[in-house]
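What follows is a set of notes on a single structure, which appears directly below.
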There are 2 protein chains.
Amino acid sequence: MTKTTLISSPFDRDVQFAAKKRAVIVSAASAFRRRGYHNTSMVDIAETLGLTKAALYYYVKNKEEILYESHLMTYASMDDVLQLKPATNQTALDYLAGVFRSFVNLLTQSGVSLLTDVDSLKGDWQAEVLARRARIERRIIRIVKSGQIDGSIRSGDPRLHVFFFMGALNWLNAWFDADGRLDGQDIADHFVVQLRSGISALGEG
Amino acid sequence: MTKTTLISSPFDRDVQFAAKKRAVIVSAASAFRRRGYHNTSMVDIAETLGLTKAALYYYVKNKEEILYESHLMTYASMDDVLQLKPATNQTALDYLAGVFRSFVNLLTQSGVSLLTDVDSLKGDWQAEVLARRARIERRIIRIVKSGQIDGSIRSGDPRLHVFFFMGALNWLNAWFDADGRLDGQDIADHFVVQLRSGISALGEG
DNA sequence: AATAAATTTGACTCAAGAGTAGAATTTTAT
DNA sequence: ATAAAATTCTACTCTTGAGTCAAATTTATT
């Protein structure tokens, strides 16, 4: 019992290790997002955390693993969003709008970094990241297709619908700055409207 | 006169030099677009052109100059599109749709590569590329603003309107493959509709 | 307090890829 | 045909940043 209640304590060594590992990955992901993977050195990552480069290797196998884990962490967050099922009478468009809003919020307010560099991953790691990305994409395409069935989303190639607005999400990296003048909530509000009207069946003639 | 008429001949040494330099840049840009700047070595670029790495340095100062020139080349093409003025009674939304169609066509059919990596450029080169990008962005924002004045484009922060659909353009890199099943013209057609309905003032209210 | 385990460091190795330079080759001009 | 200019090459140097390792330090356990 005593052992059980202490299992999640911040004093617990395993918990600390995991928290530190996560901090390495989150901090690196943020730098990768802002400057690119190759323009971020292990020394850069370490200094941001107040460590030396060598200490990072106590937590991660190598730089590539950081990139791999960064991607997976983001996709896990997006999967969490997609776990929430639509309400019973909610149209697919409404559900999609909510999903997209959550994605924008993840990126603008929750410190999640959506990275685009998969070519710097090799072998199984790259394959897995691509597969995870494709899976999210397919789930979103499925939502669009169900919107085309329920009548809330207009006709047209669902993949192109998705590539268009997922482009907007991925492009946030290039211009969004958490310290900038544009507030994440305002961005999410605006983007959801633009997403909706972009594919809504209303007005489709 | 004889000298003048020969100035553009493909047999002319200067013309050949320029054509070869251009081939280096276009080929490299395509590889940068597909795999990323850092994952494309100078040996890779040379081999694609049937040269050795050292021969590239006869044409370009260094790798960074290739990246710099790649960006500039693409922005020049986009500037050309924006040089065409709207017809007298054309709404800004119609003009914008035409501009965007041309952009998509540049990327999907004309071998133009839109790159996103500016962090690998340093100093003046990076500053210039960012300035050129910002200028194109500002011109597009101006079109959106005039659409909000002429009533064709709905209200809302024009920058966000632009960031949304320019994200779609920039994200083409991640999924578009010229040898793939999706035809550039079909993509342009679809994207133009999605752009239009995304920001059209019709139905606003 | 002593010992063990965990964590961090300083100083290092290594190599991939950018870039160089002079020689070789090719092309053009005389 | 010869010389000059242009282009390409081979063989190399250099450097930056990834990664390593044993020692030093810190933390936890006995």
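In what follows, chains are A, B, ... by sequence order, proteins preceding strands, each numbered from 1.
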- line: Contact check, residues 66-73 of chain B vs DNA chain D, heavy-atom distance under 4.0 Å, returns none
- prompt: What string of B, S and - do you get for nucleotides 11-21 of chain C 5' to 3' if you count protein non-hydrogen atoms under 4.0 Å?
  reply: -------BBBB
message: For B/Arg142, give me all partners under side-chain contact (heavy atoms from CB on, under 4.5 Å), at least two apart in sequence or on another chain.
response: B/Arg139
- request: Not counting sequence neighbours, list each pair that qualifies as a salt bridge (charged side-chain N to carboxylate O under 4.0 Å, His left out) and has a residue in residues 38-52 of chain B.
  value: B/Arg35-B/Asp44
- prompt: How many Å lie between CG on A/Asp12 and C1' on D/dT29, as a whole number?
  reply: 14 Å
- line: Quick note, side-chain hydrogen bond (donor to acceptor under 3.5 Å, both in side chains) partners involving residues 51-64 of chain B, not counting sequence neighbours, are none
statement: The salt bridge (Lys or Arg N to Asp or Glu O under 4.0 Å) partners of B/Asp80 (sequence neighbours excluded) come to none
message: Please enumerate all residues that pass salt bridge (Lys or Arg N to Asp or Glu O under 4.0 Å) together with B/Asp183, with sequence neighbours excluded.
response: none
message: Rounding to an integer number of Å, can you tell me how far B/Asp14 CG sits from C/dT28 P?
response: 13 Å
query: Considering residues at least two apart in sequence or located in another chain, which fulfil the salt bridge (Lys or Arg N to Asp or Glu O under 4.0 Å) criterion with B/Asp119?
result: none
task: May I have all residue pairs that pass side-chain hydrogen bond (donor to acceptor under 3.5 Å, both in side chains) and include part of residues 19-31 of chain B, sequence neighbours excluded?
output: B/Ser30-B/Arg34
Non-neighbouring partners of B/Phe100 that pass ring pair (Phe, Tyr, Trp, His ring centres under 6.0 Å), sequence neighbours left out: B/Phe165
message: Can you list everything that forms a salt bridge (Lys or Arg N to Asp or Glu O under 4.0 Å) with A/Arg133? Sequence neighbours excluded, please.
response: none
task: Output the distance between atom CG (B/Leu169) and atom CZ (A/Phe164), rounded to the nearest 0.5 Å.
output: 9.0 Å
Restricting to nitrogen or oxygen on both sides, can you table the protein-nucleotides 3-7 of chain D pairs closer than 3.5 Å?
from: D/dA6; atom 1: O4'; to: B/Arg13; atom 2: NH1; distance (Å): 3.4
from: D/dT7; atom 1: OP2; to: B/Tyr58; atom 2: OH; distance (Å): 2.0

